[in-house]
There are 2 protein chains.
Amino acid sequence: MKPKSTAEERLIDPAPEAGPFRLEAFLPYRLSVTAKRISRAFARAYAERFGLTIPEWRVMAVLGTSGPLTAAAIVERTAMDKVKVSRAVAALEAKALVLRRPRPEDRRSALLELGPAGRRVFEEIVPLARALEAELTAVLGPGDRALLAALLGRLDAHLAGRGDPALDAGDPG
Amino acid sequence: MKPKSTAEERLIDPAPEAGPFRLEAFLPYRLSVTAKRISRAFARAYAERFGLTIPEWRVMAVLGTSGPLTAAAIVERTAMDKVKVSRAVAALEAKALVLRRPRPEDRRSALLELGPAGRRVFEEIVPLARALEAELTAVLGPGDRALLAALLGRLDAHLAGRGDPALDAGDPG
DNA sequence: GGGATATTGTTTCGTATGAAACCAAAGTCA
DNA sequence: TGACTTTGGTTTCATACGAAACAATATCCC
């Protein structure tokens with residue numbers, strides 16, 4: 001750690017030594033740990049009560065609040081890659097939660113939508129997901145929760161802008 | 001979505017319907033997406049330039065700023081489960097970056113520390129990691145970065161408190 | 001029309017993950 | 001001392017992941 005740096009030095013050295021490296025203060029690490037913890041809690045809840053994985057839940061989540069979508073549209077809205085979406089949809093079809101409606105005008109893709117059973121499960125999950133979210137983020141008041149969302153939003157926009165390849169997302173949900 | 005709720009209803013219903021469910025506004029989802037994006041960027045950088053995975057980097061990170069540690073101590077400090085740590089350490093040993101020093105007084109575990117090569121890699125990675133962190137979080141000023149860290153800190157403490165089982169952490173680093 | 005190219009999803013294949021089983025070395029205690 | 005139990009790490013095994021290859025259309029453009 002250098003003694004205090006002058007304004008000039010700061011211009012030259014944009015990332016001044018901030019003392020010894022501490023993993024627990026490293027933002028990417030912190031973000032990962034927190035996200036994973038929350039992810040787990042949700043994964044467990046969805047699995048236990050509905051037999052769903054997080055990718056499956058994400059697909060249902062978007063289909064629950066939109067008209068029928070193609071797989072590609074789901075990819076866009078869930079930040080998952082197409083392999084994951086493909087598998088999640090296949091699983092949901094097998095459970096009769098999602099229906100596939102072929103499109104004569106383009107037989108490569110089909111429109112996907114919640115079936116009656118899927119709709120019921122969706123209606124049941126949403127309040128649960130909201131409650132769990134509220135419970136897990138209880139330490140933050142509504143204000144800080146919004147603040148966190150805003151910060152993540154800015155960060156995300158930045159990251160999405162930086163032409164990074166695959167845009168998939170881990171697990172939570 | 002209910003018509004506006006009265007104060008009384010709010011007391012009764014702690015999680016008032018906030019309109020239709022929107023995945024992209026769901027905090028667990030947002031956290032996961034952002035964490036994963038950052039994770040990827042780091043994973044790629046570490047792999048390309050140092051041939052390291054994130055779990056490996058984490059192990060080196062703690063060993064780089066502490067005396068020799070047992071695997072169990074590393075588990076504590078990296079929020080990774082013992083299987084992951086075991087494998088990361090094995091890989092680092094194979095690369096001669098980490099050395100294992102047996103302990104006669106307890107031959108079940110050994111003390112682990114960076115070897116000379118590991119030390120050199122560590123010294124090289126740290127500035128890079130800091131620079132990448134700075135770049136990725138550039139949209140947030142230092143103030144907001146600290147704010148985000150603080151919010152994650154509170155959230156984490158809360159989550160860690162809630163006796164959730166496994167405490168492993170995803171990937172970033 | 002009809003070959004070249006692009007788009008949409010699915011499948012393959014190698015790697016990462018983690019729960020549970022396992023092994024070896026301590027520790028307990030009768 | 002000699003069962004049991006506990007602790008520290010490793011290995012196994014079944015699953016999740018995603019990059020790359022693939023198959024089936026669709027679209028271009030001559």
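So you know, we letter chains A, B, ... as the sequences are listed, proteins then strands, and number each from 1.
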Within one Ile-Leu-Val-Met-Phe-Trp-Tyr cluster: A:Leu111 and A:Val85, side-chain cutoff 4.5 Å: no
Spacing between A:Ile54 atom CD1 and D:dG18 atom P, to the nearest angstrom: 13 Å
Length of the CZ-P vector between B:Arg107 and C:dA25, whole Å: 5 Å
Are any non-hydrogen side-chain atoms of B:Leu52 and B:Leu92 less than 4.5 angstrom apart? yes
To the nearest 0.5 Å, atom CG of B:Leu63 lies from atom CD1 of B:Ile74 at 4.5 Å
From CG of B:Asp81 across to P of D:dT11 the rounded distance in Å is 15 Å
Can you sort out which residues in residues 59-68 of chain B have a heavy atom within less than 4.0 Å of DNA chain D? Ascending by number, please. none
The nucleotide from D:dT25, D:dA20, C:dA20 with an atom nearest the side chain of B:Val83 is C:dA20
Donor on one side chain, acceptor on other, A:Ser109 and A:Arg100, under 3.5 Å: no
Starting at CZ of A:Arg103 and ending at P of C:dT8, how long is that distance when rounded to a whole Å? 9 Å
What verdict does the side-chain hydrogen bond (donor to acceptor under 3.5 Å, both in side chains) test give for B:Arg37 and B:Ser32, after you've listed the backbone C-alpha separation in whole Å, the side-chain angles of each residue and the deciding distance to 0.1 Å? CA-CA 9 Å; B:Arg37 281 210 173 108; B:Ser32 169; over 6 Å; no
Whether over 12 other heavy atoms sit under 6.0 Å from B:Arg103 CZ: yes
Contacts of type salt bridge (charged side-chain N to carboxylate O under 4.0 Å, His left out), residue A:Arg77, not counting sequence neighbours: none
Between A:Phe42 and B:Tyr29, does the ring centroid distance fall short of 6.0 Å? no
A:Glu76 CD - C:dT7 C1' separation (whole Å): 14 Å
Could you write nucleotides 2-9 of chain D as a row of B, S and -, 5' to 3', where a protein heavy atom under 4.0 Å of any base atom gives B, of only sugar-phosphate atoms gives S, and otherwise -? -----BSB
How long is the line joining NZ of A:Lys84 and C1' of D:dA19, in whole Å? 14 Å
Between CD of A:Glu93 and P of C:dG9 the distance, given in whole Å, is 12 Å
Rounded to whole Å, CZ of B:Arg44 lies from C1' of D:dA19 at a distance of 13 Å
Nearest-nucleotide comparison on DNA chain C, the residue closer to the 5′ end among B:Pro104 and A:Arg87: A:Arg87
Can you find a side-chain donor-acceptor pair between A:Arg145 and A:Thr137 that sits under 3.5 Å? yes
